[in-house]
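Data block below; observations after.
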Protein chains: 2
Amino acid sequence: MPDSAIRPRKEFGKTIAADITHRLREEIIACALAPNEPLRFDVLRERFGASFTTLREALTALAAEGLVDAQEQRGFRVAPVSRQDLIEVTDARVLVEVELIRRSIERGDDDWEIAVISTLHRLKRIEQRDPEHPLRDPEWKIAHRQFHEALVSACGSATLLAIRAELFDRAERYRHLSANFRPRPRDKAGEHQAIMQAAISRNADLAVQLIESHIRSTADNVATYAAHLLDTE
Amino acid sequence: MPDSAIRPRKEFGKTIAADITHRLREEIIACALAPNEPLRFDVLRERFGASFTTLREALTALAAEGLVDAQEQRGFRVAPVSRQDLIEVTDARVLVEVELIRRSIERGDDDWEIAVISTLHRLKRIEQRDPEHPLRDPEWKIAHRQFHEALVSACGSATLLAIRAELFDRAERYRHLSANFRPRPRDKAGEHQAIMQAAISRNADLAVQLIESHIRSTADNVATYAAHLLDTE
DNA sequence: AACGGTATGATTTTCGAAAATATGGCCTGG
DNA sequence: CCAGGCCATATTTTCGAAAATCATACCGTT
């Protein structure tokens with residue numbers, strides 16, 4: 001049969017709702033939809049070509065993830081940003097990520113080591129090929145995410161990994177927020193390399209320390225260069 | 001005007017969807033809807049008197065909370081239980097709760113102390129009045145939840161509190177799971193009292209230690225008395 | 001002119017029908 | 001008798017219209 005007769009437009013998941021959830025999440029994280037921006041159904045309907053209820057389902061899911069703010073009877077909007085929220089997300093990330101790194105270093109097997117090494121390798125390749133601002137490169141974003149995921153992938157707790165993933169998304173939105181105003185990326189390549197080495201050599205204390213300062217210094221960077229976007233009243 | 005003319009049936013939130021989310025969550029936590037039970041729309045439609053899309057929205061939200069399992073194109077079901085999941089939830093709770101207790105003890109003011117003391121007082125009152133199995137008493141459940149919430153309420157992080165609340169719900173479902181098979185509740189009153197005293201006297205290390213064993217021993221209890229429900233294959 | 005209430009338009013929220021998809025039984029060929 | 005494909009039925013998923021709710025401008029009264 002002809003495969004693309006009408007094509008009920010599904011790219012990510014199997015359901016349209018899951019697909020739209022995915023696309024909306026990406027756009028919010030990338031700040032293509034700005035913080036606080038109202039998410040009106042007319043607009044979304046035209047933009048994503050789905051019906052009210054399907055969109056509503058996607059927005060509800062994102063509200064549970066903390067990327068969307070649901071105001072009952074008054075619609076949805078992109079979750080606001082604030083210095084306080086940035087601090088909370090950063091602290092929570094440190095708490096969780098530190099625990100997961102420790103567990104992964106303790107439990108990780110050969111496959112884990114291979115995953116850490118190879119994801120870092122790919123990340124470095126992309127950085128060499130294209131040394132400009134990495135956050136604008138979708139490939140870099142994916143590789144970066146996969147490296148950090150690989151680091152904690154051997155922790156053994158799907159529950160904590162899910163929490164970690166949500167916090168990572170929320171933090172990435174802040175990184176995008178400041179990306180346009182940051183002068184130059186600092187030496188992330190070196191930091192990633194050091195973290196990898198500490199992890200592979202099973203030096204948990206060092207890895208934890210490096211991860212924590214990696215997370216915190218990134219957040220500090222955001223806080224300074226996106227200050228004008230965070231202190232709004 | 002006549003207030004209950006037709007009454008569009010809204011008890012909890014302002015929207016029907018939020019109300020149904022709330023009611024469904026309660027029933028799942030209380031195991032009125034058993035783990036793994038399929039959540040078919042016909043049945044839910046009759047039970048909650050809402051339409052497909054409204055129910056779908058509620059189920060999607062609960063899926064994001066980890067209480068419902070969404071199988072694309074094959075509907076929803078109550079999230080399964082397992083020994084592994086119980087361990088993960090318990091470990092995650094310890095990680096988060098310990099951190100929040102520390103912060104609350106450090107930052108808590110007079111109002112915090114009052115909240116901790118008064119919520120414990122109410123809890124003890126209810127336990128005296130009705131010393132049988134407390135999980136069957138909705139008032140005890142609320143009071144118990146409020147005491148534990150009060151303990152961490154001064155932590156200063158809405159983000160971590162939200163994560164904590166989700167984990168608390170998931171753990172409470174396991175407690176209900178074993179409630180019917182547990183011979184007698186152990187001395188929770190004493191444990192709560194000790195935790196309160198450690199917190200109020202700002203003995204963080206002791207409070208942390210007590211909370212951790214409180215959480216872990218409850219989980220151990222569940223693991224033993226609900227063993228036949230956890231080791232299914 | 002200021003205030004309060006009301007009508008109007010805009011927007012969200014809910015509904016049940018219709019389309020899409022999965023499930024289970026049946027039939028055929030080996 | 002079993003395996004594999006096909007049709008019928010059950011169930012989920014999506015849609016756009018209709019109801020409910022909110023926001024705003026208007027009008028009359030003080």
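In what follows, every chain begins at residue 1, and chains take the letters A, B, ... in the order their sequences are listed.
Applying the side-chain contact (heavy atoms from CB on, under 4.5 Å) criterion to Q71(B), with sequence neighbours excluded, gives D69(B), R74(B), R77(B). The side-chain contact (heavy atoms from CB on, under 4.5 Å) check on A63(B) picks up V68(B), A70(B), with sequence neighbours excluded. By the side chain to side chain donor-acceptor pair (under 3.5 Å) test, S178(A) pairs with R182(A), sequence neighbours left out. By the side-chain contact (heavy atoms from CB on, under 4.5 Å) test, F147(A) pairs with V116(A), T119(A), L120(A), L123(A), L151(A), H192(A), M196(A), sequence neighbours left out.
Which of dG16(C), dC15(D), dC22(D) sits closest to the side chain of K14(B) comes down to dC22(D).
Between its two ends, the helix from dA1(C)-dT30(D) to dG30(C)-dC1(D) turns its axis by 0°, counting five pairs per end and rounding to 10 degrees.
Atom CZ of R45(B) and atom P of dT13(D) are 15 Å apart (whole Å). Between L59(B) atom CG and dT11(D) atom P there is a gap of 16 Å when expressed in whole angstrom units. One interatomic measurement links the two molecules: CD1 of I20(A) to P of dT13(D), which rounds to 15 Å at whole-angstrom precision. For D19(B) and dT13(C), the CG to P distance is 15 Å, given to the nearest whole Å. Here dT11(D) presents its P atom at 13 Å from CD of E46(B), a figure rounded to the nearest Å. Distance L44(A) CG to dT13(C) P: 12 Å, rounded to the nearest Å.
The phosphate of dC15(C) (OP1 or OP2) has a side-chain N or O of T54(B) nearer than 4.0 angstrom.
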Please produce a list of atom pairs where a protein N or O lies less than 3.5 Å from an N or O of nucleotides 6-12 of chain C.
from, atom 1, to, atom 2, distance (Å)
dT12(C), OP2, F41(A), N, 3.2

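A salt bridge between R170(A) and D85(A) is present, with a side-chain N of the basic residue lying under 4.0 Å from a carboxylate O of the acidic one.
Contacts of T53(B) with the nucleic acid, taken as non-hydrogen atoms under 4.0 Å apart, include base atoms.
Geometrically, R45(B) engages F52(B) in a cation-pi contact defined by less than 6.0 Å to the ring centre and at most 45° from the axis.
Applying the salt bridge (charged side-chain N to carboxylate O under 4.0 Å, His left out) test to every pair with at least one member in residues 30-41 of chain A, sequence neighbours left out, gives no pairs at all. Residue pairs meeting the salt bridge (charged side-chain N to carboxylate O under 4.0 Å, His left out) criterion with at least one partner in residues 139-163 of chain A, sequence neighbours excluded, are R129(A)-E139(A), R145(A)-D169(A), R145(A)-E172(A).
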Donor-acceptor pairs under 3.5 angstrom involving side-chain atoms of residues 92-99 of chain A: please list them, not counting sequence neighbours.
from, atom 1, to, atom 2, distance (Å)
E97(A), OE2, R164(A), NH1, 2.8
E99(A), OE2, R103(A), NE, 2.9
E99(A), OE2, R103(A), NH2, 3.0

